[in-house]
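Here's the structure we're looking at; comments come further down.
Because the structure is a prediction, the values reported are computed rather than measured. In what follows, every heavy atom counts, from backbone to side chain, and hydrogens, waters and symmetry copies are set aside.
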Amino acid sequence: ESSPHLPAPKDVMVYSYNFRSLLRWSPVKVDGGLVLYTVCFKTGAFNQWDELNCTRIAQTECSFPWSLKERRWTVVLRVRAELGQVTSDWVETDPFVAERNTTIGPPEVNSVIVSSDSLLIGVTPPFASEAGDSLQYRVSYWENATSTAKKETKTSNTLFKIRNLKELTLYCFSIQVELMTYSHLQLLGLQSVPECYRTAIS
C-alpha cells in the first residue's frame, strides 16, 4: 500500500534518441535509508502492468528492453519509490510511441573528398533502418562568403556529390535525416554540425 510518508518520483520522462529509449526521473530524497525504484509498463494492445527489468533499483533511469523495440507500439510506463516496506504512489508517463516521439540524430560524416567543382561525401545513418523505412539525407550547403544563400539537395545514397561548385571556394554543408516510416509518418532529424571545405583548383 502507498504511504503518505514517501514522496513519489518527480520529472518522470521518457527520453528517446535514435529509437533507443529510457525512462528518467528525479531522485526521491529522504532521511535514513536508500530509496529504491520499481518501473512497470503496459502496451496499448494489452492493458496489464508488467515489470520492466527495473525492480528495486537504485538508479533513477531505466532503459527499455529489447522486447519493447517495436517502434509503432504505444507504451505507458510508471515508476514508484520504495523504502523498506513503504512505497510511494505510482507516477505514470503519457503514452509513448517511438515512431512519433523519438529524436533522430544527425548522420555521421565519414569522408569528404574535395575536387575543383564538387564535394564527395560519405555518411552513416544514425540508426539501423527497418523494413518499409525510406531514409533520405537532406543536404544544405552554402558558400561561406554568402552564408544566407543556402542550396538544398536530397539523396537516399550514403555516398553522394555536391556538384557545380566554384573552384578554390570555401563551402559549408549540414545534413539531416528525413525518415518516412512504414506507417507514412515523416520524421525529420537534427542537423549535423556544419563542416567546411575549400574546393581545389582545376
_Heavy-atom pair with the smallest gap, counting every atom of Val12 and Leu23_ = CG1-CD1, 3.8 Å

*With sequence neighbours left out, what residues match Phe173 under ring-ring contact (aromatic ring centres under 6.0 Å, His included)?*
none

*Checking Ser174 side chain against Pro194 main chain: does a donor-acceptor pair fall under 3.5 Å?*
no

_Where Trp73 and Ser67 come nearest, the two heavy atoms and their spacing_ = CZ3-O, 3.3 Å

*Can Glu82 and Arg80 be counted as an ion pair, charged N to O under 4.0 angstrom?*
yes

*Counting only N and O atoms by type, is there a donor-acceptor contact under 3.5 Å from the side chain of Thr93 to the main-chain atoms of Leu77?*
yes

*Using modelled atom types only, decide if a donor and an acceptor are shared between the side chain of Thr74 and the backbone of Gly44 within a distance under 3.5 Å.*
no

*Kindly give the heavy-atom pair with the smallest separation between Val177 and Pro107, and that separation in Å.*
CG2-CD, 3.8 Å

_Under 3.5 Å donor-acceptor, Thr153 side chain and Val139 backbone_ = no

_Arg24 and Glu61 ion-paired at < 4.0 Å_ = yes

_Nearest heavy-atom neighbours spanning Glu167 and Ala200_ = CB-O, 3.2 Å

*When Ile, Leu, Val, Met, Phe, Trp and Tyr are grouped by side-chain heavy atoms lying under 4.5 Å apart, directly or through other members, which residues fall in the same group as Tyr17?*
Leu190

*Near Arg100 CZ, under 6.0 Å, is it more than 12 heavy atoms from other residues, nucleotides or ligands?*
no

*Heavy-atom donor-acceptor pair, Asn18 side chain to Gly105 backbone, under 3.5 Å*: yes

*Answer yes if the side chains of Ser202 and Ser116 hold a donor-acceptor pair under 3.5 Å, and no otherwise.*
no

*What are the two closest heavy atoms between Leu34 and Ala58, and how far apart are they?*
CD2-CB, 4.4 Å

*Check: Asp133 main-chain N/O paired with Ser129 side-chain donor or acceptor under 3.5 Å*: no

*Are any side-chain N or O atoms of Asn101 and backbone N or O atoms of Val97, one a donor and one an acceptor, separated by less than 3.5 Å?*
yes

_Is there a path of hydrophobic side-chain contacts, each under 4.5 Å between heavy atoms, that joins Val79 and Val86?_
yes

_Salt bridge Arg78-Glu92, side-chain N to carboxylate O under 4.0 Å_ = no

*For the pair Tyr171 (side chain) and Lys166 (backbone), establish whether a donor and an acceptor sit closer than 3.5 Å, ignoring hydrogens and angles.*
yes

*Any sub-3.5 Å donor-acceptor pair from Thr199's side-chain atoms to Thr169's backbone N or O?*
yes

*Whether Glu152 side chain and Ser140 backbone form a donor-acceptor pair below 3.5 Å*: no

*For this output row, return yes or no: ring centroids of Phe41 and Trp49 closer than 6.0 angstrom.*
no

_Between Phe96 and Phe64 (judged by ring centroids, cut-off 6.0 Å), do the two rings come close enough to count as a pair?_
yes

*Please name the residue in the list Tyr141, Phe160, Tyr197 that meets the side chain to side chain contact (heavy atoms under 4.5 Å, CB included) test with Leu119.*
Tyr197

